[in-house]
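Reviewing the structure listed below.
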Amino acid sequence: MKRSLIQFLGIMMAVEVCSGFDNIAHRGASGYLPEHTAVSSAMAHGMGADFIEHDVAFTRDGVAVVIHDIVLDTTTDVAARFPDRARADGRFYLIDFTMEEVRELRKGERFNISDGTAVYPKRYPVGRFDFPLMTLGEGIALIAGMDASAGRITGLYPELKRPEFYLQNGLDPVPLFMAALEAAGALEGQRPCFIQCFHAGTLKRIRADYGEDLSLIQLIGENAWEESSDDYDAMRTADGLAEIASYADGIGLPLARIVENRDGALTWRPLKAMIQAQGLTLHPYTVRKETLPEGVSMEEMMAFLAGPDGVDGVFTDFPDYRGTPRPR
Ligand code: G3P
Ligand code: CA
């Protein structure tokens, strides 16, 4: 009996040195409530997410707002409240509004602006604009408050959206973004904080100007998305990954770039090992019920990602599905 206990303790000590698997709530619990709202964040926290993600864009007066798009028209009632404020392309840009005006808007489930239909029809009903937008400071304060009452620490995962667009529109987003994080206490080390961006030059600038202690994640997209002027095909090569390792701590990239369903079994693609060979943290995005490979369940996907040969964590719209996480 005593020997069994000693063996058990030995196993526990051994697994303690293994890294954990982080469940990163993508825009909060966005599978259940409209993305980037306080209620979505609270639900993710209640589900025990390890990190809660904030995408960040800016108002005309330089306020960091928690929102995925640089436009307001895909997730808010801006077209009804400010019908005359679209640009020539018909879109309503956050940078054309003050924070005081943004306070008048309400957020809802993501919809297609062409016809008002839901992007994800089985989620919170579209056309209901029930929730206010949050500043980045408010989003972080909410997490800190929930951590205080729950007695635990939740990580932050802010993403600076489209820095090149903001520079082209007369606003330097980097000092605004970093100042908002600093003012919210996000850089004091009380909770983990990964800073992410699709633009390599912006991450290099943050590394140079704000220090080696920050945890930086290079997001790799598809060139067709035009998220930045970077060449993501080049980033996925051995040379590209080595370059990323010189200024960033990890990579976030589409799940399909590292996982495939081969003959009915989830299988790693070679890029996964290439990234891990560089010592980079790997956080793929995004696990969604709606976009799982044919025949694969949420439980199976999460268990695969969190398995012994898995990745360090994953962005998910459904943070209640945790897989079988490796112990911390
Ligand atoms: O930041 C990880 C993932 O969220 C990147 O994609 O477009 O959802 O911000 P996106
Ligand atoms: Ca994001």
Side-chain angles (χ1 to χ4, degrees), residues 22-37 40-41 44 49-58 64-72 74-75 94 107 109-112 119-120 123 133-134 136 139-140 143 155-166 173 177 180-181 186 192-200 202-203 206 214-228 230 232 235-236 244 248-259 275 280-291 301 305 311-319:
D22 287 319
N23 179 309
I24 306 159
H26 184 244
R27 315 180 198 172
S30 56
Y32 299 100
L33 283 160
E35 64 188 52
H36 287 324
T37 56
S40 175
S41 185
D50 301 302
F51 286 80
I52 297 177
E53 187 206 25
H54 293 131
D55 292 311
V56 179
F58 297 89
V65 174
V66 180
I67 187 168
H68 177 268
D69 303 351
I70 57 171
V71 288
L72 290 157
T74 48
T75 59
L94 177 61
K107 222 165 190 307
E109 186 59 40
R110 176 171 289 275
F111 58 96
N112 299 300
V119 171
Y120 299 108
R123 296 191 180 185
L133 288 85
M134 299 188 291
L136 178 58
I140 293 172
I143 291 170
L156 305 173
Y157 218 123
E159 179 187 346
L160 175 49
K161 282 291 182 191
R162 301 288 300 273
E164 294 166 292
F165 168 86
Y166 284 107
F177 179 67
L181 288 174
C193 179
F194 284 107
I195 292 174
Q196 46 170 342
C197 190
F198 276 103
H199 185 231
T202 296
L203 286 178
I206 291 173
L214 299 174
S215 297
L216 304 184
I217 298 292
Q218 173 68 58
L219 294 175
I220 298 178
E222 304 296 337
N223 285 346
W225 299 348
E226 300 184 349
E227 277 284 343
S228 79
D230 288 335
Y232 299 114
M235 283 191 189
R236 287 189 298 269
I244 291 170
D249 301 287
I251 282 177
L253 84 175
L255 191 55
R257 283 284 177 187
I258 59 166
V259 178
I275 293 169
L280 289 159
T281 296
L282 181 49
H283 289 157
Y285 60 86
T286 302
V287 174
R288 295 185 168 109
K289 290 179 183 177
E290 296 91 340
T291 56
M301 178 58 84
L305 295 170
V311 294
D312 301 293
V314 70
F315 291 87
T316 174
D317 290 0
F318 299 90

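These figures come from a predicted structure and were not determined experimentally. Both ligands and their constituent atoms are indexed starting at 1 by order of listing. Here, residue 1 is the first one in the sequence, and each next residue gets the next number.
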Working to 10°, measure the angle at the Ca ion (ligand 2) formed by atom OD1 of Asp55 and atom OE2 of Glu53. 90°

Considering only heavy atoms, does Tyr157 approach ligand 1 within less than 4.0 Å through its side chain, its backbone, both, or neither? neither

Report the nearest protein non-hydrogen atom to atom 4 (O) of ligand 1: residue, atom name, distance rounded to 0.1 Å. His26 NE2, 2.8 Å

Does Thr316 reach the main-chain N or O of Ala25 with its side chain, forming a donor-acceptor pair under 3.5 Å? no

Any idea which atoms of ligand 1 are less than 4.0 Å away from a heavy-atom of Leu219? 1 (O), 2 (C)

Below 30° counts as parallel, above 60° as perpendicular, anything between as tilted: where do the rings of His36 and His54 land? tilted

Which of the numbered atoms in ligand 1 are under 4.0 angstrom from any heavy atom belonging to Arg27? 7 (O), 8 (O), 10 (P)

Suppose we measure from atom 2 (C) of ligand 1 to each protein heavy atom; which comes out shortest, and what is that distance? Gln196 OE1, 3.4 Å

Which residue and atom name correspond to the protein heavy atom nearest atom 7 (O) of ligand 1, and how close is it? His68 NE2, 2.6 Å

Decide whether an N or O pair under 3.5 Å exists between Tyr285 and ligand 1. no

Counting N and O atoms only, with roles assigned by atom type, does the side chain of Glu53 sit under 3.5 Å from a partner on the main chain of Arg27, one being a donor and the other an acceptor? yes

protein heavy-atom neighbour closest to atom 9 (O) of ligand 1 works out as Lys161 NZ, 2.7 Å

Do side-chain atoms of Asp50 reach the backbone of Ile24 as a donor and acceptor pair under 3.5 angstrom? no

Under 3.5 Å, side chain of Asp55 to main-chain N/O of Glu159, donor-acceptor pair present? no

Output the atom name for the N/O/S atom of Glu159 with the smallest distance to the Ca ion (ligand 2). OE1

Between Thr286 and ligand 1, find which residue part has any heavy-atom pair under 4.0 Å and reply side chain, backbone, both or neither. neither

Main-chain N/O of Gly250 paired to His283 side chain as donor or acceptor, under 3.5 Å: no

Apply the side chain to side chain contact (heavy atoms under 4.5 Å, CB included) test between Leu255 and each candidate in Val287, Thr291, Thr286; give the one that qualifies. Val287

Pair Asp317-Ser30, side-chain donor/acceptor within less than 3.5 Å: yes

Does ligand 1 have an atom under 4.0 Å from some heavy atom of Glu53? yes

For Ala49, is there any backbone N or O sitting under 3.5 Å from a side-chain donor or acceptor partner on Asn23? no

Any N/O of Glu159 closer than 3.5 Å to an N/O of ligand 1? yes

